[in-house]
Amino acid sequence: MNMPLKYNPSELEKHWYNYWMEHKFFASKPDTRIPYTIVIPPPNVTGVLHMGHMLNNTIQDVLIRRARHLGFNACWVPGTDHASIATEAKVVAKLKEQGISKNDLTREEFLAHAWEWKNEYGGVILEQLKKLGCSCDWDRTAFTMDAKLSDSVIKVFVDLFNKGLIYRGNRMVNWDPEALTTLSDEEVIYEERQGLLYYISYQIVGSTERLTIATTRPETIFGDTAICIHPEDHRYLSLHGKKAIVPLSGREIPIINDTYVDMEFGTGCLKVTPAHDLNDKAIGETHGLDIIDIFNPDATLNAYGLAFEGMDRFKARKAVGKALEKEGFLVKTEPHINKVGTSERTKAVIEPRLSDQWFLKMESLAQPALKAVLVDEEIKLFPKKFENTYRHWMENVRDWNISRQLWWGQQIPAFYYGNGKEDFVVAENATIALKLAQEKSVNSHLSLEDLRQDEDALDTWFSSWLWPISVFNGILEPENDEINYYYPTNDLVTGPDILFFWVARMIVAGYEFRDAKPFTNVYFTGLVRDKQRRKMSKSLGNSPNALKLIEDYGADGVRVGLLLSSAAGNDLMFDEALCQQGKNFANKIWNGFKLIQSWETVQIEQPEAAKKGIEWYSATFDKALLEIEDHFSKYRISDALMAIYKLIWDDYSSWLLELVKPVYQKPVDKATKDQVMVLLENNLKILHPFMPFLTEDIWQQITDRKPQEALIIAPWPKGSERIDNVLLLAFETAKQVVSGVRTIRKEKQIANKEVLDLVVLSDQKPLEALNSVIEKLSNLTNITQTETPVEGALSFRVDSLEYFVPISGAIDIEAEATKVQEELNYTQGFLKSVENKLSNERFVSNAPKDVIAIEKKKQIDAKAKIETLIQSLVYLRS
RNA sequence: GGGCCCUUAGCUCAGCUGGUUCAGAGCACCUGCCUUACAAGCAGGGGGUCACUGGUUCGAACCCAGUAGGGCCCACCA
C-alpha cells in the first residue's frame, strides 16, 4: 500500500465525515441499550464558530464518542437558538443597510425578513461544527423557534400563568435604550465608570435658605419630585415640612424625611427621582410622590426636559451642568467613580425605567432546583466550586422579567380586550382567548377583532430553559417514547457565564415540567483567552479564525491543541502553538503506523526483546487505561488526553516500536507484527474520541473493514484487572540502564552504530530477564556479570548495581572519581536525614507502621549504595 | 460593601485523606545527532525558598491565622 509521507488532514476529514454520515453512526433511536444523551448548548442561529464553541463542542464530541465506544446509545442533539435580541439587532442593521427602517414595517413583514435571514445564515455554524468532527445526530437538529418548540414555550407560559406564577407588573426594569427593550437583571453588566458628582443648590420656598444635594445625574432634576433628608440629621432640622424649588424648571417639591438617606454621603440631601431610580421609586411609594418620566424610549429627554428636549441623556448631563453653573446653582463638582449597568448585548448604558412587563415568580420554583444540586446531589457541577455561586444566586433569586420589546421570538400569548388593567386573558391561541375573554368580561359580543395580542416577545432564555425537554417534545407530549428514553440527559457542557441564564433555569424547568433533573453532570469549560490573558472578542480582533485553524492544523490537531491545556474550570490561554503540537502528534502516529505497515513478515522465531516489549506495553496500556478512566470520571478531559499522549508518544513509539523494530530492510516475524498491530488498534480506540479522523483513517487502512467494524463504534478496550507491576518495575530499571548507556555514548561521543559491551558488577544472581531489551535498545553485543570492578571502563549506577562500559582509549580517572564522590556525598547526606528521622522517638512512636518501614528500607538501600560507592572510589584511586 | 477561588519551573497547569509516585507533567530552553517511521523527529540535559510571615505537627506545597498580589460572582448607596 502506498502511504503519503505526511498526514494530510483536509481530504481525509471530509472523506471520513461523509462515511460516518452515510452509515448513520451519529443517528440514535430509542432501543434496548442504555441511552447517553447530550443536548448541545444551542449557539446563536446567526452566529459563526468561535474558539469558545470549538472548545465546548470538542469536549461534547469526546464524551459522546467515548459513550459510543462504551456501548451506550449515544445521542447528541444539535440545534440553534433564535437569540431574540442579538438576531433582531442584526436583522435591523441589515435592513438599515438596504434603506429599510424597522418602524416602517409591520410585525409580519419584519418577521418575514428575519426568517429569510435565518434560513440563509442559520445553518452556517452547524456546518462549521461538522468540520470540527462533531458527531451530532443531525436529523434531530432543532431550533428554538421550530413550531413544536414554540408551542411548548406558549404552553408553558399559559401553564405558569394559570398557576399564578406569571404576573404582569409595572416595575422598574432595565431598559436598553439602544435595543429599545427591557433586559433581565442577568443581562446587565455593571462597570465602573469615572464620572462627576455634581453639587447643586436648591432654593427653599419662602426663604433665602438654600440646600445642596449631590448627584451623579444632574439631567434628572427634571424628574425630581422631592428632596429627601435623614430625619435625625441635625443640619437640616429647620427644613422639615418645607419645600424646595427645582433649578431650571422652577417646580416646587416637598422636602421629606427618610432613614434611607446616608448622612455621610455627599451633603446628606438626596434628590428623589422616582421614575429613574429603583430606590427613589421605593421612597416615592412610601411618601406618595409623583412620578415624572423625563425620557423618551431612546433615552433622549422628553418635554419635561424643557429646553433640553430631544437631547441625548449624556449630552444633556453636560448641558444641564453648564446651565446650572451659568445660573449659579452649581456649587461644585467632584470626580466620582460609580457602577453603571450596561447591556450585555448592545453595551448601551442601562436606563432604569418604569414600565408594564411580564414577570415569573422564581422563589418557589427555585426550591427543588436548589435541593437537587446542594442537598440530594442529583446534579453535579464540575468544577464543584460553582455550587457556591449557584447556591448564592438561587437563594436570592429574583423574579424573572420575561417580556422583551422585540418581535423576533415567541409572542406573549396575552390578549387584551379592553383598556382596564385586568382586561386581558392568557391562552394558547386567539380562539381560546376569545372564549375566556367573553367569560371574564361577561360580554358575549366580543369577537376576535376585539382582541389585541400583547406586542412583546418572550425572553430567549424562556425558550432555551426548556431545551432538554422540548427537543424531545416532552412538553407537548409528556409521555412520548423519546422523552421517556432520553430524558434526563447525561452531561451538559457549557461556559460558566451562562450558569444563571441557562443552566439554573433548565434545572428549574426540569423539576417543574418533568419533575426530574434535566441532566446529571454539568461540565463548565473555561473562557478562551489569548496569550496575554485577554478575553477573546470580536472588538479586540484577537480571536483566530476557527475554520482557518482547522485548515492549517487539521480538525484533530485543533481539537488536541484546545484540549491539552484546558483543565476544567480554568480559563484557557489559547496559543496556536498548541494546535501545532496536536498536528505533530497526528503526524507521529501516522508515521508509527507507516513503519509497521512497511514491515515484511517471515516465519521466524519472535525475538526475545520483542516478546518482552509487547508484554510490557500491554501492561503499561492497561495501567494507563485505569488512569484514563479515572480522569474521565472526574471530567478531567485534558488529563485523560495527556495520559494517552504520553502513552502513545513515549511508551508506544519511543520504547515499544524501537524495541520491536527490525534492522533496516530486514523482515520481521509475523507474531510481532500482528501483536503490535493489535496494540496499535487499542491505541486508536482510546484516542478516537479526541482525534476521530486520523484514527478512523488508520483503522481502516489496517485492514478492509465492513461498516459495522468502523472504529467509531468499536468497543472500548477491556483492560486487565490485574496489572503486572513486577514486570513494569523491572522494565523501569531496564530503561534506566539503557539511559545510562546512552548517556555514556553521548558524553564520550560514541556513535550509536558502535557496538558496546556492558558488565554488571554484582555478587548476586543478576536479573537476566530483560537483558535482551537492554541489548537491543543500547546496541550491545552482550551483557556479562562480574564480581570485581572493571578496569578501563566507564561506569554508572542504577539502584544499587554498578554497570561498566569498557571502552578503548584512556579513561579520565579523576573525572570518574569526582562523579562517584559527588554521588557518595549526596547519598551520605540522604542517609543521615533518614537516620535522624528514625532516631527521633516521636517519629517512631507516632508515624504509621508502613511509613516507618519505608524509611527503614531507605536506610538499608542507602547503606548498600554507600558501600559500593566507597568500593568504586577505592578502586579508582588505587 | 458581601461571598467564593487562586498564587508550585520561562509559560500553562497536576499534585487526592499531611509521610517515596513530593517537589511533577506538557510546552519552551540548552547540547549532540539528517541513526532509513517521523527534523512536525531522536537522544541527553539544565531549571522551582511550592507568593510572604507566623503557628499546629515527629513531619507542611498540603492544615490554621495574618500579609501581599490576581481573578470570579453577587449587591439599589445618590
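Per chain, numbering begins at 1; letters A, B, ... match sequence-line order. We use all heavy atoms of the structure for the numbers below, so side chains are in, but hydrogens, waters and symmetry mates are not.
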Short heteroatom pairs, N/O only, protein and nucleotides 7-12 of chain B, under 3.5 Å:
none

Verify side chain to side chain contact (heavy atoms under 4.5 Å, CB included) between A:Val246 and A:Phe222, making sure each step is shown before the conclusion.
CA-CA 8 Å; A:Val246 178; A:Phe222 302 111; 5.7 Å; no
Considering every strand and a 4.0 Å limit on heavy-atom distances, what is the contact class for A:Ser654: base, sugar-phosphate, or nothing?
sugar-phosphate
Find the distance between CG (A:Leu694) and CG (A:Leu12) and round it off to the nearest 0.5 Å.
8.5 Å
If I pick the P atom on B:U17 and the same atom on B:U21, what distance separates them, to the nearest angstrom?
16 Å
Can you check the A:Gln597 CD to B:A37 P distance for me, whole Å?
14 Å
Hey, does A:Lys339 reach any base, or is it just sugar-phosphate, or nothing, if we go heavy atoms under 4.0 Å?
base
Report each atom pair, protein N/O against N/O of nucleotides 2-6 of chain B, whose distance is under 3.5 angstrom.
none

Examine the side chains of A:Gln701 and A:Gln597 and answer whether a donor and an acceptor come within less than 3.5 Å of each other.
no
Could you list the donor-acceptor pairs under 3.5 angstrom formed by side chains in residues 645-657 of chain A, with sequence neighbours left out?
residue: A:Tyr645; atom: OH; partner: A:Gln581; partner atom: NE2; Å: 3.3
residue: A:Ser653; atom: OG; partner: A:Ile648; partner atom: O; Å: 2.9
residue: A:Ser654; atom: OG; partner: A:Trp649; partner atom: O; Å: 3.2

If I pick the P atom on B:G54 and the same atom on B:C62, what distance separates them, to the nearest angstrom?
14 Å
Grab the CZ-P distance between A:Arg317 and B:A78 for me, whole Å please.
12 Å
With the threshold set at under 4.0 Å for non-hydrogen atoms, list the residues of residues 274-284 of chain A touching RNA chain B in residue-number order.
A:Asn279
When you check the side-chain N and O atoms of A:Asn683 and A:Tyr617, is any donor under 3.5 Å from an acceptor?
yes
If you measure from the P atom in B:G59 to the same atom in B:A68, how many Å do you get, rounded?
29 Å
Is there a donor in the side chain of A:Glu186 and an acceptor in the side chain of A:Trp400, or the other way round, less than 3.5 Å apart?
no
The contact string for nucleotides 24-30 of chain B, one letter per nucleotide 5' to 3', using protein heavy atoms under 4.0 Å with B, S and - for base, sugar-phosphate only and none, comes out as -SSS---
Looking at every strand, decide which applies to A:Ser739 at a 4.0 Å heavy-atom threshold: base, sugar-phosphate, or nothing.
sugar-phosphate
So if I take every side-chain heavy atom of A:Asn587 and compare against B:C38, B:C74, B:U20, which nucleotide ends up nearest?
B:C38
Looking for any heavy atom pair under 4.0 Å, which part of the strands does A:Glu747 touch: base, sugar-phosphate only, or nothing?
nothing
Do A:His287 and A:Asp258 pass the side-chain hydrogen bond (donor to acceptor under 3.5 Å, both in side chains) test, and can you show the C-alpha distance, the side-chain angles, and the key distance before you say yes or no?
CA-CA 9 Å; A:His287 296 271; A:Asp258 197 297; 2.9 Å; yes
Could you tell me how far apart A:Phe585 (CZ) and B:A39 (C1') are, to the nearest whole angstrom?
18 Å
Does one side chain, of A:Glu187 or A:Ser184, offer a donor that lies under 3.5 Å from an acceptor on the other?
yes
Have A:Lys837 and A:Asn840 got a donor and an acceptor in their side chains that come within less than 3.5 Å?
no
Show each protein N/O and nucleotides 31-36 of chain B N/O combination with a separation under 3.5 Å, one pair to a line.
residue: B:U31; atom: O2; partner: A:Lys746; partner atom: NZ; Å: 2.3
residue: B:U36; atom: O2; partner: A:Tyr664; partner atom: OH; Å: 2.4
residue: B:U36; atom: N3; partner: A:Tyr664; partner atom: OH; Å: 3.1

May I ask you to say what A:Arg398 touches in the nucleic acid, namely base, sugar-phosphate or nothing, with a heavy-atom cut-off under 4.0 Å?
sugar-phosphate
Measure from the side chain of A:Thr215, starting at C-beta and using heavy atoms only, and say which of B:A37, B:A78, B:A40 lies closest.
B:A78
Using atom names, set out every protein N or O paired with an N or O of nucleotides 56-58 of chain B below 3.5 Å, distance rounded to 0.1 Å.
residue: B:C58; atom: OP1; partner: A:Arg842; partner atom: NH2; Å: 3.4
residue: B:C58; atom: OP2; partner: A:Arg842; partner atom: NH2; Å: 2.8
residue: B:C58; atom: O2'; partner: A:Asn840; partner atom: ND2; Å: 2.9

Sequence neighbours excluded, which residues qualify as ring-ring contact (aromatic ring centres under 6.0 Å, His included) partners of A:Tyr553?
none
What's the gap between B:C11 and B:A75 when it is taken at their C1' atoms, as a whole Å value?
37 Å
Look at the rings of A:Phe386 and A:Phe524 and say which category their plane angle falls in: under 30° parallel, 30 to 60° tilted, over 60° perpendicular.
tilted
Sequence-distant partners of A:Lys858, side chain to side chain donor-acceptor pair (under 3.5 Å), two or more places apart
A:Glu855
Considering every strand and a 4.0 Å limit on heavy-atom distances, what is the contact class for A:Phe830: base, sugar-phosphate, or nothing?
base
Nearest-nucleotide pick for A:Tyr260, side chain only, options being B:C76, B:G45, B:C38:
B:C76
For B:C16 versus B:A51, give the span between their P atoms, rounded off to a whole number of Å.
14 Å
Among side-chain atoms of A:Asn752 and A:Asn779, is any donor-acceptor pair under 3.5 angstrom?
no
d(A:Ser10 OG, A:Asp552 CG) to nearest 0.5 Å is 10.5 Å
Counting any heavy atom closer than 4.0 Å, what does A:Gly592 reach on the DNA or RNA strands: base, sugar-phosphate only, or nothing?
base
Taking only residues at least two apart or on different chains, which pairs with a member in residues 652-664 of chain A satisfy salt bridge (Lys or Arg N to Asp or Glu O under 4.0 Å)?
A:Glu658-A:Lys661
Please measure how far the P atom in B:A25 lies from the corresponding atom in B:G18, and state the result in whole Å.
24 Å
For atom C1', what is the distance between B:G15 and B:G41, given to the nearest Å?
31 Å
Candidate nucleotides B:G44, B:A78, B:C74, ranked by approach to the side chain of A:Phe500 - the nearest
B:C74
Determine the interatomic distance between C1' on B:G45 and the same-named atom on B:C6; round to the nearest Å.
33 Å
Secondary structure of RNA chain B in dot-bracket form (Watson-Crick or G-U wobble, distances below 3.5 Å, | marking inter-strand pairs):
(((((((..((((.....[....)))).(((((.......))))).....(((((..]....))))))))))))....
Pairing of A:Lys332 and A:Glu334 as salt bridge, 4.0 angstrom limit
yes
Pairs satisfying salt bridge (Lys or Arg N to Asp or Glu O under 4.0 Å), at least one member in residues 213-224 of chain A, at least two apart:
A:Arg217-A:Glu219, A:Arg217-A:Glu351, A:Glu219-A:Arg317, A:Asp224-A:Lys271
Does the cation-pi check pass for A:Lys339 over A:Tyr190, that is, NZ or CZ under 6.0 Å from the six-membered ring centre and within 45° of its axis?
no
